[in-house]
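Only heavy atoms go into these numbers, but all of them, side chains included; no hydrogens, no water, no symmetry mates. Model, not experiment: these values are computed from the prediction.
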Amino acid sequence: MNAGRLTLGDLLAEDQFNLRMVVAPRGWERRNVTGAHGTEIAHPVRWLGSNWVMLTTGMRLQRKPDAQRELVSELKTGGIAALGFGTGISFEHVPRAVMEQALACDFPVFEIPLSTPFNQVSSFAASSLANSDFLLLRRLLSMQNYLMDSLQAPSPEEEIVRRLASSLDGVIALFLANGQLEALYRRRELHAQPRDTAWAADVWREVQARTPTFQRFTMGDTMIISTPVSVNESIRYWLVAATHRRETANLLARSVLEAAGRVLAVVVTARRITTTQEQAERAYLLEQLIDPDTGIDDRLRQHAAALELDVGAPARGVIVQPRGTEPQSKVGFESAMKRFEQLCARLHAPYLAAEREDGLYAIVQAPIDQLIDRVRELCMQMGAIAGIGRSADSPEQLRVTLSDAQLALKELGQRDTHSPILCFEDFDIADWLLSVSSPEHVTEKAMDMIGPLADKPMLYETLRCYMSHDMDVGKTARVLHLHPNSLRYRLAKTEALLGCPLHRPSTIANLYLAMRVDATLPR
């Protein structure tokens with residue numbers, strides 16, 4: 001008997017019953033049998049289950065060829081597996097009308113000799129099915145355990161696909177929820193070939209055209225079964241199996257595929273929990289390292305080492321922010337942390353990262369050229385801007401490199417440039433002077449310089465516009481919608497308040513630096 005089921009061929013193969021096929025349509029021996037029952041009532045289909053075998057002696061069919069034909073048609077339409085006709089009581093042989101109609105309907109009919117009691121045939125079917133159900137359950141449990149062992153593999157998803165393919169003897173494809181082919185196993189090869197990519201695209205179109213639940217359909221001569229893998233009511237993967245063995249698809253594949261889906265859901269959930277915990281650890285450590293009141297002790301060094309970060313090795317501060325302050329500018333920034341983690345993974349770069357209200361702050365240990373390229377790519381994808389600080393080779397310098405990154409972002413906001421990124425190496429002298437100076441002392445000196453304009457916002461804005469337009473009276477007047485003489489009058493008042501002429505180089509340098517410092521202060 002085939003593992004996991006009883007077929008009509010299995011029933012007829014039992015020599016003890018001496019059963020004989022009298023109408024044998026093509027493929028009759030592969031028909032599933034889920035039970036056998038003897039009955040002489042009219043319209044028996046409603047009392048029998050699908051794929052059952054009806055046993056009869058034909059007592060109500062004597063001298064009724066039309067009723068004999070109607071019975072066969074009814075059994076065929078009702079999904080009955082076959083008709084077992086007992087001879088030697090009402091009929092010496094299977095009636096001609098029964099055989100003619102069975103031939104016309106491609107419906108199996110076999111003869112049961114008088115020496116074989118119907119109850120023995122029914123009992124054999126019941127015991128065989130009970131035994132096959134037990135074997136099927138054992139096989140399913142074994143396969144589930146086999147799939148659970150995939151959790152120990154370096155890449156559980158790929159291992160699940162490989163084991164599933166070997167269990168079902170077919171092609172297994174794993175799709176992400178967006179249709180991207182994640183893994184495919186065909187003929188002992190785990191990685192998809194070009195021909196598989198085209199095949200997978202065809203399969204995905206068929207899957208998407210159907211209701212997002214367990215699916216069974218055919219493509220050519222291949223049976224396709226698929227199931228979604230959901231976590232928190234959100235589909236994360238689709239598992240798809242393709243096999244030429246339709247009986248496998250009907251019996252084991254659904255249970256095994258759904259079991260594999262549950263294992264995948266465990267993988268997704270565990271990875272999400274692990275990722276969340278790791279993100280929290282990285283954020284906490286970053287805050288500790290850049291906190292001026294925190295001492296860098298062995299405990300922090302060991303914590304960093306556990307995250308593959310050497311606090312004594314060169315690292316750079318990176319800050320990524322949405323371009324602009326409008327709410328819509330932050331829409332594409334929602335996945336910043338996930339994308340930044342993927343960036344560091346591609347660089348094989350140790351990192352710490354934390355999300356703050358104004359953006360993503362990070363410390364990264366990676367070659368500067370590669371870091372710039374990847375951060376620029378990230379900014380282009382998200383519509384963001386980024387600053388990258390100097391190389392810091394000690395824990396104390398980590399705060400400095402993040403300050404550089406902040407200064408770079410401020411400068412980007414003031415420059416007329418399409419570049420989404422500014423690195424410490426691209427600072428001009430003014431940027432560099434501000435980055436290496438004590439913020440408290442620089443701020444104090446800057447406020448001394450422009451303090452007289454603190455309560456004169458109109459004059460301060462006029463001076464700022466004048467400086468940003470190369471001290472060109474004509475350009476500045478047009479931007480401010482003033483007559484040139486009105487602009488000159490305001491500039492004269494500004495000179496009087498500051499106590500120094502605006503055409504003197506030292507005044508220009510001092511004002512430029514002071515206004516740069518003022519632009520970085522919180523409002």
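Here CD of E377 is found 7.5 Å from CG of L343. Values are rounded to the nearest 0.5 Å. Taking CZ of R356 as the reference point, atom CD of Q321 lies at 11.0 Å (rounded to 0.5 Å). Atom CD of Q215 and atom OG1 of T227 lie 8.5 Å apart (nearest 0.5 Å). For the atom pair I319 CD1 and D358 CG, the distance stands at 7.5 Å (nearest 0.5 Å). Of the inter-residue distances, the one linking Q365 atom CD with L371 atom CG reads 11.5 Å to the nearest 0.5 angstrom. Atom CD1 of I388 is separated from atom CD1 of I421 by 3.5 Å, given to the nearest 0.5 angstrom.
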Could you go step by step and tell me if V240 and I172 meet the side-chain contact (heavy atoms from CB on, under 4.5 Å) rule?
-> CA-CA 6 Å; V240 178; I172 305 297; over 6 Å; no

Step by step, would you call W47 with I41 a side-chain contact (heavy atoms from CB on, under 4.5 Å)?
-> CA-CA 10 Å; W47 306 107; I41 64 173; 2.9 Å; yes

F85/V23 under side-chain contact (heavy atoms from CB on, under 4.5 Å): CA gap, chis, key distance, verdict | CA-CA 11 Å; F85 208 101; V23 178; over 6 Å; no

Decide side-chain contact (heavy atoms from CB on, under 4.5 Å) for V53 and L83; before the verdict, give the C-alpha distance in whole Å, the side-chain angles of both, and the deciding distance to 0.1 Å.
-> CA-CA 6 Å; V53 173; L83 172 64; over 6 Å; no

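T77 places a side-chain N or O within donor-acceptor distance of the main-chain N or O of S73, the cut-off being under 3.5 Å. The closest donor-acceptor contact from the side chain of S226 to the backbone of L239 lies at 3.5 Å or more, if one exists at all. Using modelled atom types, one side-chain atom of R399 and one backbone atom of L289 make a donor-acceptor pair closer than 3.5 Å. D106 places no side-chain N or O within donor-acceptor distance of the main-chain N or O of P25, the cut-off being under 3.5 Å. At distances below 3.5 Å, not a single donor-acceptor pair connects side-chain atoms of T218 with backbone N or O atoms of G220. Between the T116 side chain and the F17 main chain, a donor and an acceptor come within less than 3.5 Å of each other. Side-chain atoms of E287 never come within 3.5 Å of backbone atoms of A283 as a donor-acceptor pair (strictly under, hydrogens ignored).
The one candidate from E29, R31, K76 that meets the side-chain contact (heavy atoms from CB on, under 4.5 Å) condition with P108 is R31.
Around the CE atom of M219, the shell of radius 6.0 Å holds more than 12 heavy atoms that belong to other residues, nucleotides or ligands. Counting non-hydrogen atoms of other residues, nucleotides and ligands closer than 6.0 Å to CG of D15 gives a total of 12 or fewer. Residue E308 places its CD atom among 12 or fewer non-hydrogen atoms of other residues, nucleotides or ligands, all under 6.0 Å distant.
R316 forms no cation-pi arrangement with F424, by the criterion of a distance under 6.0 Å to the ring centre and an angle within 45° of the ring axis. For the pair R210 and F217, the cation-pi criterion (under 6.0 Å, within 45° of the ring axis) is fulfilled.
A donor-acceptor contact closer than 3.5 angstrom links the side chains of T7 and D10. Judged purely by distance below 3.5 Å, without hydrogens or angles, the side chains of Q279 and E355 never pair a donor atom with an acceptor atom.
The residues E100 and R69 are annotated as salt-bridged, a charged nitrogen and a carboxylate oxygen being separated by less than 4.0 angstrom.
Using a 4.5 Å cut-off on side-chain heavy atoms (C-beta onward), L286 and Y351 make no contact. L174 has its side chain within reach of L264: a pair of non-hydrogen atoms, C-beta onward, lies under 4.5 Å apart. You'll find the side chain of L307 reaches within 4.5 Å of the side chain of E281, heavy atoms only. Side-chain contact between P117 and Q120 is present, with at least one heavy-atom pair separated by less than 4.5 Å. Inter-residue side-chain proximity for E14 and F124 is flagged as met; some heavy-atom pair is nearer than 4.5 Å. Side-chain contact between R374 and L347 is present, with heavy atoms from C-beta onward closer than 4.5 Å. Side-chain contact check for L19 versus E111: every heavy-atom pair is 4.5 Å or farther apart. H37 places none of its side-chain heavy atoms less than 4.5 Å from the side chain of M54.
Shown here for L285 and A304, the closest heavy-atom pair between the two residues is CD2-CA, 3.3 Å.
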